[in-house]
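Counting from 1, the numbers follow the sequence of the chain as shown. Both ligands and their constituent atoms are indexed starting at 1 by order of listing.
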Amino acid sequence: MSLAGAGFPGAAEPAPRGGWPYPRWIAHRGAGTLAPENTLAAFALGHAHGYRMFECDVRLSADGQPFLLHDDRLERTTDGQGEAVDQRWAELAGLDAGSWHSPRHAGERLPSLGDVVEFCRQHDCALNVELKPAPGDEVRTGREVATRLARSWTLALPPLLSSFSVAALAAAAGVAPQLPRGLLLEAFSDEGLGAARRLGCVALICEQRAWDGATVRQARAAGFRLLAYTVNEDGEAARLLALGVNGLITDRIDHFPASAGA
Ligand code: G3P
Ligand code: MG
């Protein structure tokens, strides 16, 4: 894995779209709500709709396996119960993560991070791994996920790590500083900008309403690329594209062509 040509400062080749080498459109949790979130079925559906970059939420099992799950608890999106971080991967891997969504997805499994890395390798896709640690598990999660990604990722364009957790991103940077990082923010602030700078982030990933002319200028002047979540409305997409936001994370893979605004 190399950042050469990836379009970051110091990269060898000029990059398109303001130096941001990733696709403009990113499929949130694989396919938004059209398939069970954070599953391989979702990745496959996003891919079938033309998407070539995926956001997913990654946390650790009790025995340290990184896997995809948004919530701390299992009930909403699996047939399991309790805190995911209390359970071993052998138990989690047997859960049904599809029936809650629709009968045709019954039996869909929770993917490991390795499963998703392999999907991206096979389909030549980019990945945004959101570190979603259980409370108190920030450092272990950042270290383990970044270590495994650094070892297993083989495509030229590296996975983008993101998190609302400064501690998780700092831990990731400690073990794999070469992996690009983005700080997630619900609202733009000077504190957030400072934290992203200290973390050596390449991007700020804000809730879409945080971006306006002033915040875009401020973040750009500080050297960051800009991403927005979760962009599901035409008006917001047009506004953000006009502002020059580099990446849009969306649920609406069936509505926004992956090449829109490219
Ligand atoms: O990474 C952007 C977005 O996924 C952050 O919020 O709750 O959907 O993980 P959430
Ligand atoms: Mg997420």
Side-chain angles (χ1 to χ4, degrees), residues 20 22-40 42-43 45-46 51-60 66-78 84-85 97 100-101 110-111 113 116 120 125-135 137-138 141-142 145-146 149 158-169 172 179-189 192 195-196 199 201-211 215 219 224-233 236-237 240 245-253 256 258:
W20 187 242
Y22 294 97
R24 168 95 67 197
W25 287 90
I26 303 164
H28 188 223
R29 307 183 194 176
T33 59
L34 295 181
E37 64 187 53
N38 287 313
T39 64
L40 288 179
F43 274 62
L45 189 62
Y51 277 67
R52 295 295 179 264
M53 183 166 185
F54 302 92
E55 185 268 359
C56 62
D57 305 294
V58 175
R59 59 181 58 242
L60 296 187
F67 70 101
L68 275 60
L69 186 72
H70 180 275
D71 299 1
D72 290 333
R73 295 186 64 88
L74 293 163
E75 285 85 349
R76 183 177 64 85
T77 58
T78 78
V85 73
W100 70 274
H101 181 274
L110 292 170
L113 178 64
V116 166
C120 291
C125 287
L127 185 63
N128 168 205
V129 171
E130 182 188 342
L131 302 166
K132 202 69 137 177
D137 208 21
E138 292 83 5
T141 304
V145 172
L149 281 173
L160 174 66
L161 287 174
S162 63
S163 193
F164 291 105
S165 166
V166 168
L169 283 176
L179 293 180
R181 293 172 294 285
L183 181 63
L184 280 159
L185 294 174
E186 286 179 5
F188 188 90
S189 66
L199 287 163
C201 288
V202 297
L204 276 176
I205 310 173
C206 289
E207 202 286 326
Q208 59 196 320
R209 286 163 296 187
W211 291 125
T215 56
F224 295 109
R225 306 301 189 269
L226 323 176
L227 280 72
Y229 73 91
T230 304
V231 184
N232 292 334
E233 306 295 333
E236 271 299 88
L240 293 162
V245 169
N246 301 93
L248 287 75
I249 301 172
T250 186
D251 291 322
R252 300 296 313 280
I253 60 158
F256 294 116

Inset, instruction - Run through L131, D72, L68 and flag the one making a side-chain contact (heavy atoms from CB on, under 4.5 Å) with R59. - result: D72
Inset, instruction - Determine, for D251 against R29, whether the closest basic-nitrogen to carboxylate-oxygen distance falls under 4.0 angstrom. - result: no
Inset, instruction - To the nearest 0.5 Å, tell me how far E236 CD sits from R209 CZ. - result: 8.0 Å
Legend entry - Subset of ligand 1 atoms that lie under 4.0 Å from at least one heavy atom of F164: 5 (C), 6 (O)
Legend entry - From CD (E138) to OG (S163), nearest 0.5 Å: 8.0 Å
Inset, instruction - Output the list of atoms in ligand 1 that are nearer than 4.0 Å to some heavy atom of L184, sorted by atom number. - result: 1 (O), 2 (C)
Inset, instruction - Over 60° means perpendicular and under 30° means parallel, so classify the ring planes of Y229 and F164, tilted if in between. - result: perpendicular
Inset, instruction - Could you walk me through whether V202 and L160 pass side-chain contact (heavy atoms from CB on, under 4.5 Å), step by step? - result: CA-CA 9 Å; V202 297; L160 174 66; 4.2 Å; yes
Inset, instruction - Run the numbers for me: atoms of ligand 1, each under 4.0 Å from some heavy atom of R29, listed by number. - result: 7 (O), 8 (O), 10 (P)
Inset, instruction - Below 4.0 angstrom from a heavy atom of D57, which ligand 1 atoms are there? Numbered from 1 as shown, please. - result: 9 (O)
Inset, instruction - Applying side-chain contact (heavy atoms from CB on, under 4.5 Å), run through N38 and L69 and close with a yes or a no. - result: CA-CA 6 Å; N38 287 313; L69 186 72; 5.9 Å; no
Inset, instruction - Among all protein heavy atoms, pick out the one at the shortest distance from atom 7 (O) of ligand 1; state its residue, atom name and that distance to 0.1 Å. - result: H70 NE2, 2.7 Å
Inset, instruction - Please name the atom of D57, restricted to N, O or S, that is closest to the Mg ion (ligand 2). - result: OD1
Inset, instruction - Decide whether an N or O pair under 3.5 Å exists between K132 and ligand 1. - result: yes
Legend entry - Nearest non-hydrogen protein atom, atom 5 (C) of ligand 1: E130 OE1, 3.4 Å
Legend entry - atom 1 (O) of ligand 1: nearest protein contact (heavy atom, Å): E55 OE2, 2.9 Å
Legend entry - Expected output: side-chain R181 to main-chain L199 donor-acceptor under 3.5 Å: yes
Inset, instruction - Consider every N or O of T230 and every N or O of ligand 1, then say whether any pair is closer than 3.5 Å. - result: no
Legend entry - E55 atom OE2 and E130 atom OE1 as seen from the Mg ion (ligand 2), angle to 10 degrees: 90°
Inset, instruction - Give yes or no for whether the N/O distance cutoff of 3.5 Å, strictly under, is met between S162 and ligand 1. - result: no
